[in-house]
**Q** 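Here it is, the structure, as structure tokens.
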Amino acid sequence: MDVYEAVASRQAMRAFTDRHVPDEVLERVLLAAAWAPSASNLQPWHLYVLTGEPLATLKNRAGERVASGDPWDEPEYEQYPPVLESPYRERRSAFGEQRYGALGIPREDLEARQRAAAANWDCFGAPVALFCYIDRDMGRPQWSDVGMYLQTVMLLLRAEGLHSCAQMAWAKYRKTVAEVLSPPDELILFCGMSVGFEDITARSPRTGRAPLSETVTYVR
């Protein structure tokens, strides 16, 4: 798979099989991803790889919180601006319509939407989860570095025939994640990432993209 194929086929996969992902594949991906760019080579990412019984424990604990209606943990960073202006508001709305429309869930059925969202904390059935932390003293450029690192990981996973889904949703249950991972206090959980083989029996439509005329300006 060349780079263009990896980019074109990458999507936020929300349906995985339980097929085992070999440790050597994960090791190969993470060794290569270490070459992702970062300002002054700070490499500000801290990655935890969770599989097997520890992942099952985390899924169970998160599931118990969902079932009990336990409120989300207080945020350590804002996932979105308090007010999304156009065109971002419309793009987010379109994503929600496509995501839940594919599941046959109407806009007004908030309970069904919440049940679908709860699949986040089962990692959509994936057998591997990555959790990416960043030092709380880092600034916005280092958060950008982490994003480039995670994109590198996701593209390398595609080269291995794997899919992924980056999930900021895990930050809402960061205390439960910390119970299993015991990260140092100086780290903030940015996101989780489900990793595995696609469940081809599930419908997984790709989200559209804005035309280049909305996002790119040529100066010639």
Side-chain angles (χ1 to χ4, degrees), residues 1-30 32-33 36 45 47-52 54-56 58-60 62-63 66 79-80 91-105 112-133 146-174 177 189-210:
M1 182 179 296
D2 68 19
V3 176
Y4 281 90
E5 289 174 315
V7 172
S9 62
R10 188 216 62 81
Q11 66 179 100
M13 185 58 59
R14 294 183 174 85
F16 296 90
T17 71
D18 59 1
R19 178 180 167 187
H20 175 68
V21 177
D23 289 345
E24 58 268 24
V25 172
L26 294 173
E27 185 85 359
R28 186 162 56 240
V29 165
L30 297 179
W45 45 82
L47 201 71
Y48 290 77
V49 182
L50 211 53
T51 62
L55 179 56
L58 176 59
K59 289 180 177 182
N60 288 337
V66 172
Q79 293 187 7
Y80 303 101
R91 290 175 187 167
R92 187 183 186 188
S93 177
F95 162 75
E97 289 297 319
Q98 180 176 343
R99 161 83 175 122
Y100 295 109
L103 298 173
I105 300 174
R113 288 193 171 208
Q114 289 174 344
R115 286 197 304 269
N120 271 288
W121 295 289
D122 185 49
C123 296
F124 304 105
V128 178
L130 312 180
F131 291 91
C132 188
Y133 286 79
V146 168
M148 289 188 284
Y149 170 73
L150 292 171
Q151 173 75 339
T152 302
V153 170
M154 289 187 280
L155 295 181
L156 289 165
L157 289 168
R158 287 302 302 124
E160 297 285 353
L162 294 160
H163 275 282
S164 62
C165 183
Q167 300 163 264
M168 287 191 295
W170 275 108
K172 302 179 187 301
Y173 281 177
R174 60 181 178 81
V177 178
L189 177 60
F190 172 43
C191 72
M193 183 188 296
S194 298
V195 174
F197 293 95
E198 177 186 5
D199 179 357
I200 61 173
T201 67
R203 187 181 176 195
S204 300
R206 295 196 71 196
T207 307
R209 293 295 184 264

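As the structure is a prediction and not an experimental result, all values here were calculated from the model.
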**Q** Of all heavy-atom pairs between His20 and Phe197, which one has the smallest distance, and what is that distance?
**A** O-CE1, 3.6 Å
**Q** Knowing that exactly one of Tyr133, Trp45, Phe190 qualifies, which makes a ring pair (Phe, Tyr, Trp, His ring centres under 6.0 Å) with Tyr149?
**A** Trp45
**Q** Distance check, rounded to the nearest 0.5 Å: Leu157 atom CG versus Leu26 atom CG?
**A** 7.5 Å
**Q** Decide if atom CD of Glu27 counts as having more than 12 heavy atoms of other residues, nucleotides or ligands within a radius under 6.0 Å.
**A** no
**Q** Does any part of the side chain of Gln167, heavy atoms only, come nearer than 4.5 Å to the side chain of Ser194, both counted from C-beta?
**A** yes
**Q** Among Leu50, Leu130, Thr51, which one satisfies side-chain contact (heavy atoms from CB on, under 4.5 Å) with Val195?
**A** Leu130
**Q** For Tyr80, what residues pass the side-chain contact (heavy atoms from CB on, under 4.5 Å) criterion, not counting sequence neighbours?
**A** Arg92, Met168
**Q** Measure the spacing between CZ of Phe16 and CG of Leu162 and express it to the nearest 0.5 Å.
**A** 9.0 Å
**Q** Write down the atom of Arg14, the atom of Phe95, and the distance for their closest heavy-atom approach.
**A** NH2-CZ, 3.5 Å
**Q** Which label fits Trp170 and Trp121: parallel for a plane angle under 30°, tilted from 30 to 60°, or perpendicular past 60°?
**A** perpendicular
**Q** Below 4.5 Å, heavy atoms only, C-beta onward: do Tyr48 and Val177 meet side chain to side chain?
**A** no
**Q** Is there a side-chain contact between Cys191 and Leu150 (heavy atoms, below 4.5 Å)?
**A** yes
**Q** Looking only at non-hydrogen atoms, find the nearest pair between Ala33 and Thr152 and report the distance.
**A** CA-CG2, 3.8 Å
**Q** Does His163 offer a backbone N or O that forms a donor-acceptor pair with the side chain of Glu198 under 3.5 Å?
**A** no
**Q** Is it true that atom CZ of Arg28 has more than 12 heavy atoms of other residues, nucleotides or ligands lying nearer than 6.0 Å?
**A** yes
**Q** Just by distance, do the side chain of Gln151 and the backbone of Met148 share a donor-acceptor pair under 3.5 Å?
**A** no
**Q** Does any donor atom in the side chain of Gln98 or Thr207 lie under 3.5 Å from an acceptor atom in the other side chain?
**A** no
**Q** Ser164 and Val153: side-chain contact (heavy atoms from CB on, under 4.5 Å), yes or no, with the steps?
**A** CA-CA 9 Å; Ser164 62; Val153 170; over 6 Å; no
**Q** When you look at Cys123 and Lys59, which way does the side-chain contact (heavy atoms from CB on, under 4.5 Å) test go after all the steps?
**A** CA-CA 8 Å; Cys123 296; Lys59 289 180 177 182; 3.9 Å; yes
**Q** Can you confirm whether Leu55 sits close enough to Val128 that some side-chain heavy atom of one is under 4.5 Å from a side-chain heavy atom of the other?
**A** no
**Q** So, using side-chain contact (heavy atoms from CB on, under 4.5 Å) as the criterion, who are the partners of Ala6 when residues are at least two apart?
**A** Met1, Leu155, Arg158
**Q** For the pair Arg206 (side chain) and Arg10 (backbone), establish whether a donor and an acceptor sit closer than 3.5 Å, ignoring hydrogens and angles.
**A** yes
**Q** Can you name the residues that form a side-chain contact (heavy atoms from CB on, under 4.5 Å) with Ala166, not counting sequence neighbours?
**A** Met154
**Q** Passes side-chain contact (heavy atoms from CB on, under 4.5 Å), Val66 versus Tyr173? Steps please.
**A** CA-CA 10 Å; Val66 172; Tyr173 281 177; 3.5 Å; yes
